[in-house]
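Computed from heavy atoms alone, side chains included, the values below leave out hydrogens, waters and symmetry copies.
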Amino acid sequence: MNPATEVWEKVAALMQADMTTTTWNTWFDDATAVSLEETRFILYSPTRLKRDIIVARYLPLIQNALHELFSAEFEVVVLTEDELSGFEENTKQNNFLPGTEEYTFERFVVGSSNKFAHAAARAVADHPGMSYNPLFIYGESGLGKTHLLYAIAHKIHEEHPSYKVVYIKGDTFTNELIHAIREGRNQEFREKYRGADVFLMDDVQFIAGRDSTQEEMFHTFNTLYELKKQIVFTSDRPPKEMLRLEDRLKTRFEWGLLADIQRPDYETRMAIIKNKAIRMGMELPDFLIQLIAENITANVRQIEGTVNKIMAYQDLIGDTVDKNTVIRAVKDIFKEKSDILPTADVIIEEVCKFYNIEPATLRGQGRSKDISLARQIAMYLIRQMVGTSLKDIGKEFDNRDHSTVLNSLSRIEALVKNDPEKAEIIKDITTNINNRYE
């Protein structure tokens, strides 16, 4: 039941204690709850007369009942038929991919490094399912792949509000499938994704090597493709470099258009800095913009982080934005990145998430092939990413001795050198760990 409906039932019971049955039936018999917000309760009444009478005579009663239930003041709004339609439309708009509103085509800075991917994304958003299907955008982390994915979603939603637009991350797709299988909701899972008009998957590389997920993706892809529904993927590498991805999926991912995004060149970095500063209401002289562009070259995320840092110095400390402020912000960005080391708990959590096992199992004495491999990878990553001593690594895993840890590290080091697929797994897990600190 809708939470607002439950609240309205309780409010109704309190109000009916203070009015006759005839009065209640006359004005409230067809009133229904629409929404319960943090400080606002919204009702619907089908006729303007009833709405006006409720507002004029009974609003204090409703507010008193809400105060009795929540010990808080609520604004009460009563909508008529026309107003309800407008409210539902606004709610639908506001609830579409909340928190991603700024990721539009208008706010995407185009340069030589991303011009092709941007043009392809625009074409897909303008004519979903008509061309470039699937669209596969790939490139390093922090270059704007997700921005383009959200921009496609928002543009299509704006132009075709009735379309079912589904956005999902590759690892989330896997986790949802696992839960659906456990709970016997396979059909519900399939309907959710195969019923999409637009299917957008971020970080599709994370489905590679997972048999059940790849099987589900194969059939989901075929269904959507045959129905001419738009499919868009992003990844940190092209399909041919996904060593653990089934050939039948590699082939399908390459059916449409592959578009890569490179690191932004100097001119694009300049434009990104100017754009970000303007949006934040900050004016940066050209020589300071050049200074940032010359020093921050890795990705868009670092560039925007530097501008955010400069803005924070100005707002919180009252610093004048000058060369020293910019130099300090640039240094802070590099310092933050290098100083943050993942904890053993975070590494173990991400390894467990990848292999779908419990941390207690990983830390324990289980000796099955998958558990042993996952445990050894966790030891290896703790050593590589944190530099923890062999003794302390052993303590994390049920007090295993020095020689056991050393053997585990040696095995994984050999796999990294000689087994490309295992090396890819470790790369994916490392990416997930690093993303926790972005």
Side-chain angles (χ1 to χ4, degrees), residues 140-142 169-172 174-175 178-179 182 203 205-214 236-237 241-245 298 302 331-438:
E140 296 176 13
S141 176
K169 292 179 71 68
D171 54 351
T172 305
T174 296
N175 293 333
I178 291 169
H179 290 307
R182 283 177 178 171
D203 292 327
Q205 72 269 13
F206 289 120
I207 74 167
R210 301 175 182 277
D211 293 342
S212 297
T213 305
Q214 292 186 102
D236 64 355
R237 70 204 80 160
E241 293 181 13
M242 295 183 194
L243 304 180
R244 296 175 297 121
L245 188 69
Q302 282 190 343
K331 286 182 177 178
D332 279 352
I333 289 296
F334 287 118
K335 181 182 177 184
E336 286 173 1
K337 192 70 178 174
S338 61
D339 282 358
I340 295 176
L341 294 176
T343 64
D345 287 341
V346 166
I347 292 172
I348 290 169
E349 183 180 330
E350 289 299 332
V351 172
C352 287
K353 190 185 298 182
F354 189 91
Y355 281 99
N356 193 35
I357 56 180
E358 294 296 324
T361 302
L362 189 76
R363 294 178 189 269
Q365 295 296 328
R367 295 182 178 274
S368 73
K369 184 177 178 181
D370 285 348
I371 292 174
S372 294
L373 176 62
R375 183 184 298 122
Q376 289 166 347
I377 289 175
M379 291 180 178
Y380 172 82
L381 289 174
I382 292 171
R383 179 68 167 177
Q384 290 293 312
M385 300 182 76
V386 189
T388 306
S389 69
L390 300 184
K391 181 180 179 181
D392 286 340
I393 292 174
K395 290 180 180 178
E396 294 287 346
F397 297 90
D398 205 14
N399 288 316
R400 281 174 166 77
D401 59 36
H402 174 279
S403 61
T404 300
V405 175
L406 189 59
N407 288 335
S408 296
L409 298 181
S410 298
R411 184 193 173 200
I412 300 304
E413 285 171 0
L415 286 177
V416 170
K417 291 178 182 177
N418 304 315
D419 188 333
E421 291 192 6
K422 291 296 189 296
E424 189 176 38
I425 288 173
I426 292 169
K427 177 182 176 182
D428 287 343
I429 296 172
T430 303
T431 298
N432 279 342
I433 294 167
N434 288 331
N435 284 345
R436 296 274 292 262
Y437 298 94
E438 291 288 356

Under 3.5 Å side-chain donor-acceptor pair for Q365 and D398
yes

For L362 and I371, the nearest pair of non-hydrogen atoms, with its separation, is CD1-O, 4.1 Å

Write down the atom of Y355, the atom of A374, and the distance for their closest heavy-atom approach.
CD1-CB, 3.6 Å

To the nearest 0.5 Å, what is the distance between CG (L390) and NE2 (H402)?
4.5 Å

Can you sort out the partners of R210 under side-chain contact (heavy atoms from CB on, under 4.5 Å), two or more places apart, ordered by chain and number?
T174, T213, F354

Can you confirm whether D236 sits close enough to D203 that some side-chain heavy atom of one is under 4.5 Å from a side-chain heavy atom of the other?
no

Backbone N/O of T388 and side chain of R383: donor-acceptor pair under 3.5 Å
yes

Between atom CD of E358 and atom NZ of K353, what is the distance when rounded to the nearest 0.5 Å?
12.5 Å

Look at E424 together with R244 and state whether they make a salt bridge at an N to O cut-off of under 4.0 Å.
yes

To the nearest 0.5 angstrom, please state how far the NZ atom of K391 sits from the CG atom of N399.
10.0 Å

Which heavy atom in S372 sits nearest to a heavy atom in G366, and how many Å separate them?
OG-O, 4.2 Å

To the nearest 0.5 Å, atom NZ of K427 lies from atom CG of L243 at 9.5 Å

Rounded distance (nearest 0.5 Å) linking atom CD1 of I426 with atom CD1 of I377:
5.0 Å

State plainly whether the residues R237 and E140 are in salt-bridge range, i.e. N to O under 4.0 Å.
no

Expected output: side-chain R375 to main-chain F397 donor-acceptor under 3.5 Å:
no

Is there a side-chain contact between Y380 and V416 in this structure, where contact means two heavy atoms from C-beta onward sitting under 4.5 Å apart?
yes

Are I412 and L381 side-chain neighbours, meaning at least one heavy-atom pair lies under 4.5 Å?
no

Would you say that E350 contacts T430 through its side chain, given a criterion of any heavy-atom pair below 4.5 Å between the two side chains?
no

Check: L406 main-chain N/O paired with S410 side-chain donor or acceptor under 3.5 Å
yes

Do you know which two heavy atoms are closest between I207 and Q214, and how far apart they sit?
O-CG, 3.4 Å

V405 to M379 - nearest heavy-atom pair and separation:
CA-SD, 4.1 Å

Any chance you could lay out the side-chain contact (heavy atoms from CB on, under 4.5 Å) test for I433 and E349, step after step, and finish with the verdict?
CA-CA 9 Å; I433 294 167; E349 183 180 330; over 6 Å; no

Answer yes if the side chains of T404 and N407 hold a donor-acceptor pair under 3.5 Å, and no otherwise.
no

Any luck finding a side-chain donor-acceptor pair between D392 and S389 under 3.5 Å?
yes

Is there side-chain contact between E396 and R363, with heavy atoms separated by less than 4.5 Å?
yes

If you measure only the distance, is there a donor-acceptor pair under 3.5 Å linking the side chains of D370 and S368?
no

Exactly one of I382, I347, I348 clears side-chain contact (heavy atoms from CB on, under 4.5 Å) with P342, and that residue is I347

Please examine the side chains of V386 and T343, heavy atoms only from C-beta on, and report whether any two atoms are closer than 4.5 Å.
no

Hey, could you give me the CD/CZ distance between Q376 and R411, rounded to the nearest 0.5 Å?
4.5 Å

Donor-acceptor pair, N175 side chain versus D171 backbone, under 3.5 Å?
yes

